[in-house]
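Shown next, in structure tokens, is the structure this report addresses.
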Amino acid sequence: MADRVHRVTMFKLPNPADQQKLIEAYKTVDATNQKDGKPYILSLAVGVAQEDTRAQGYTVVCKTEFASMEHLKYYDETCPAHKNLKATAKELGLEGIMTVFFKPQLIGGLV
């Protein structure tokens, strides 16, 4: 798991109905992501952020994991499922988005 690339994307969508539409779009990504004829996203978790001042207005969070930077780049630039997700997000009342990715230097807890 330490070699995996983790990607976290946060969205500012104030309308709860739009939040659910975005989550539905992620369900489609999960069901249809393909690279070389096979699913390639190793892990996908998405949900509505808990209300907290530290959330800074971000309301939906998605965490994905990829086997390599090559797969992350494919997701960002080429993947038809992700392109459809981005088109859906643009149609919603999106007020902001932030994405970061990293390779873990420590994996701990009750893994």
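Note that this is a predicted model, so its numbers are computed, not measured. We're numbering straight along the sequence, starting at 1.
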Of all residues at least two apart in sequence or in a different chain, which pass the side chain to side chain contact (heavy atoms under 4.5 Å, CB included) check with [X]?
{"X": "Ala55", "value": "none"}
{"X": "Asn84", "value": "none"}
{"X": "Val61", "value": "Val8, Met10, Ala49"}
{"X": "Gln20", "value": "Ile23, Val48"}

- Out of curiosity, Leu72 CG to Lys103 NZ, how far, rounded to the nearest 0.5 Å? 10.5 Å

- CZ on Arg4 to CD1 on Ile107, rounded to 0.5 Å: 8.5 Å

- Task: Would you indicate whether Phe101, at its atom CZ, is surrounded by more than 12 heavy atoms from other residues, nucleotides or ligands within a distance under 6.0 Å?
- Result: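 No, CZ of Phe101 has 12 or fewer neighbouring heavy atoms, counting only those of other groups under 6.0 Å.
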
- Does NZ in Lys63 sit with more than 12 non-hydrogen atoms of other residues, nucleotides or ligands closer than 6.0 Å? yes

- Message: Tell me the closest heavy-atom pair linking Leu42 and Ala67, and the distance in Å.
- Response: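 Closest heavy-atom pair between Leu42 and Ala67: CD1-N, 3.4 Å.
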
- Could I get the full list of side-chain hydrogen bond (donor to acceptor under 3.5 Å, both in side chains) partners for Thr9, not counting sequence neighbours?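 For Thr9, the residues satisfying side-chain hydrogen bond (donor to acceptor under 3.5 Å, both in side chains) (neighbours in sequence not counted) are Arg7, Thr99.
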
- Item | Under the side-chain hydrogen bond (donor to acceptor under 3.5 Å, both in side chains) test, residues paired with Lys27 that sit two or more places apart | Glu24

- Query: Residues two or more places apart in sequence or in another chain: which of them pass salt bridge (Lys or Arg N to Asp or Glu O under 4.0 Å) with Lys83?
  - Reply: none

- Could you list the residues that satisfy ring pair (Phe, Tyr, Trp, His ring centres under 6.0 Å) with Tyr75, not counting sequence neighbours?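 Counting only residues at least two positions away or on another chain, Tyr75 forms a ring pair (Phe, Tyr, Trp, His ring centres under 6.0 Å) with Phe66, His82.
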
- Query: Within the distance-only criterion (no hydrogens, no angle test), does the side chain of Thr59 pair as donor or acceptor with the backbone N or O of Leu13 below 3.5 angstrom?
  - Reply: yes

- Which pairs count as ring pair (Phe, Tyr, Trp, His ring centres under 6.0 Å) when at least one residue sits in residues 11-30, sequence neighbours excluded? none

- Restricting to pairs with a member in residues 28-51, which pass side chain to side chain donor-acceptor pair (under 3.5 Å), not counting sequence neighbours? Lys35-Glu70

